[in-house]
Amino acid sequence: MNKNINANRATLLISCPERPGIISTVSNFLLEHKANIVHFDQHTTDPLAGIFFMRIEFDMNHFDESFSKLKEDLPEMAREYSMEWKLSGKGERKRMAIFVSKMDHCLLELLWRWKSKELEVDIPLVISNHPDMREVVEGFGIPYHHIPITPDTKAEAEQKSVELLEGKVDFIVLARYMQILSPSFISKYPNRIINIHHSFLPAFVGANPYARAFNRGVKLIGATAHYVTNDLDEGPIIEQDVQRVNHRHTAQDLKIAGRHVERQVLAQAVAWHVEDKVIVHGNKTIVF
Ligand SMILES: Nc1nc2c(c(=O)[nH]1)N[C@@H](CN(C=O)c1ccc(C(=O)N[C@@H](CCC(=O)O)C(=O)O)cc1)CN2
């Protein structure tokens, strides 16, 4: 359950060079701004010369006034400790776009969780390079945009997506979307595009991982949710899981078994992103 939707709840994410006194400084800063800490997590990569990560959830009475003052004063503290930070709160519902091709299982998992209010986001639109999912998506009352793609029209098609998304979404989920996004597109949403790859990365990067896994005779199949970067399927991993398989399984059996893993892994990664539980550092994530 995303507690950020709590009217008086806010979340602060911090990354900075490790040094003594960070926790004390941040907790005093919050106290001075009338914030009551509800959850507190931190991680240090290397106490001697590492990076310090922190996630704090806090409540504020008289939220609007206190939150505004906190937001105004935060940069000064951040400068002193060379902090990168992200502050969100007051029920700010994130706006999620979904990209899909022909497969429905990951799309439906997200839509079911949205409809049941488990996933507390807004979904302004779904974009697809195929018409197949129109009826499903419009059945949930969500606009569906079919933008066909061929090798010759890829750039033009992507520009149409850019225009549809402009100012409407905070992040994008690729729910088995089978088109490689351009660096230009990705640059507009840094660490804000989540993909589900249907293998336990780094195994079987790229297309047709189940067929390659079957040919390799694997005993585990898996799925990986990661942020999208220009390096195909090599972005920061958010969540993974696996499922045992054996010699009796056909390649099709692997695909069917894999679908259950994919949808759970993707939904968990999206939930953690929505709840501001993920910090990206380099090509890795810290998930609180
Ligand atoms: N820039 C990135 N784009 C995408 C990524 C990524 O990591 N970086 N992940 C993919 C999803 N994906 C595997 O999970 C994947 C999808 C598609 C392909 C591919 O070869 N697509 C071909 C077209 C295939 C078709 O038309 O059916 C292509 O785009 O030329 C590989 C991996 C989503 N995008």
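In what follows, every heavy atom counts, from backbone to side chain, and hydrogens, waters and symmetry copies are set aside. Keep in mind the model is a prediction, meaning the values are calculated, not measured.
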Item to complete: Could you tell me whether Asp122 and Arg93 make a salt bridge, using a distance below 4.0 angstrom between a side-chain N and a carboxylate O?
Response: yes
Item to complete: Could you tell me how the ring of Phe99 sits relative to the ring of Phe185: parallel (under 30°), tilted (30 to 60°) or perpendicular (over 60°)?
Response: perpendicular
Fill in: Short side-chain to backbone donor-acceptor contact, Glu138 and Glu135, under 3.5 Å
no
Item to complete: Would you check, one step at a time, whether the test side chain to side chain contact (heavy atoms under 4.5 Å, CB included) holds for Leu111 with Ile142?
Response: CA-CA 10 Å; Leu111 294 177; Ile142 297 172; 3.5 Å; yes
Item to complete: Check whether any side-chain N or O of Asn195 sits under 3.5 Å from a backbone N or O of His226 as a donor-acceptor pair, and report yes or no.
Response: no
Worksheet item: Looking at OG of Ser161 and CG of Leu125, how far apart are the two atoms once the value is rounded to the nearest 0.5 Å?
Response: 8.5 Å
Fill in: Contacts of type ring pair (Phe, Tyr, Trp, His ring centres under 6.0 Å), residue Phe53, not counting sequence neighbours
His281
Discussion item. For Val287, is there any backbone N or O sitting under 3.5 Å from a side-chain donor or acceptor partner on Arg55?
Written reply: no
Worksheet item: Please walk me through it: do Val218 and Phe204 pass side chain to side chain contact (heavy atoms under 4.5 Å, CB included)?
Response: CA-CA 11 Å; Val218 300; Phe204 307 119; 3.9 Å; yes
Practice prompt. Output the distance between atom CG (Leu181) and atom CD1 (Ile186), rounded to the nearest 0.5 Å.
Written response: 5.5 Å
Item to complete: Given side chain to side chain donor-acceptor pair (under 3.5 Å), test Thr224 with Gln240 step by step and report yes or no.
Response: CA-CA 4 Å; Thr224 303; Gln240 295 183 290; 2.9 Å; yes
Worksheet item: Donor-acceptor pair, Ser128 side chain versus His146 backbone, under 3.5 Å?
Response: no
Practice prompt. State whether the side chain of Thr150 and the backbone N or O of Thr153 hold a donor-acceptor pair below 3.5 Å, judged by distance alone.
Written response: yes
Discussion item. For residues 261-271, which residue pairs pass the salt bridge (charged side-chain N to carboxylate O under 4.0 Å, His left out) check, not counting sequence neighbours?
Written reply: Glu109-Arg263, Arg176-Glu262
Worksheet entry | Geometric class of the His33/Phe29 ring pair [parallel <30°, tilted 30-60°, perpendicular >60°] | tilted
Worksheet, complete the sentence: For Pro236 and Thr229, the nearest pair of non-hydrogen atoms, with its separation, is CD-CG2, 3.8 Å
Fill in: Test side chain to side chain donor-acceptor pair (under 3.5 Å) applied to Ser187 - qualifying residues, sequence neighbours left out
none
Response to the item:
Val100 and Ala175 have their tightest heavy-atom pair at CG2-O, 3.5 Å
Fill in: Which atom of Asp276 lies closest to which atom of Ser88, heavy atoms considered
OD2-OG, 2.6 Å
Worksheet item: Which pair of non-hydrogen atoms, one from Asn129 and one from Ser101, has the smallest distance, and what is that distance?
Response: OD1-OG, 2.8 Å
Discussion item. Once rounded to the nearest 0.5 Å, what's the spacing between atom CE of Met60 and atom CG of Leu30?
Written reply: 7.5 Å
Worksheet item: Ile37 and Ser27: which non-hydrogen atoms are nearest, and at how many Å?
Response: CD1-CB, 4.2 Å
Worksheet item: So how far is it from Thr44 OG1 to Met54 CE, rounded to the nearest 0.5 Å?
Response: 9.0 Å
Discussion item. Using a 3.5 Å distance criterion without hydrogens, assess whether the side chain of Lys94 forms a donor-acceptor pair with backbone atoms of Val274.
Written reply: yes
Worksheet item: Which of these passes ring pair (Phe, Tyr, Trp, His ring centres under 6.0 Å) with His273: Phe288, Tyr227, Tyr189?
Response: Tyr227
Fill in: Least distance between heavy atoms, Ala35 atom then Phe58 atom
CB-CD1, 3.5 Å
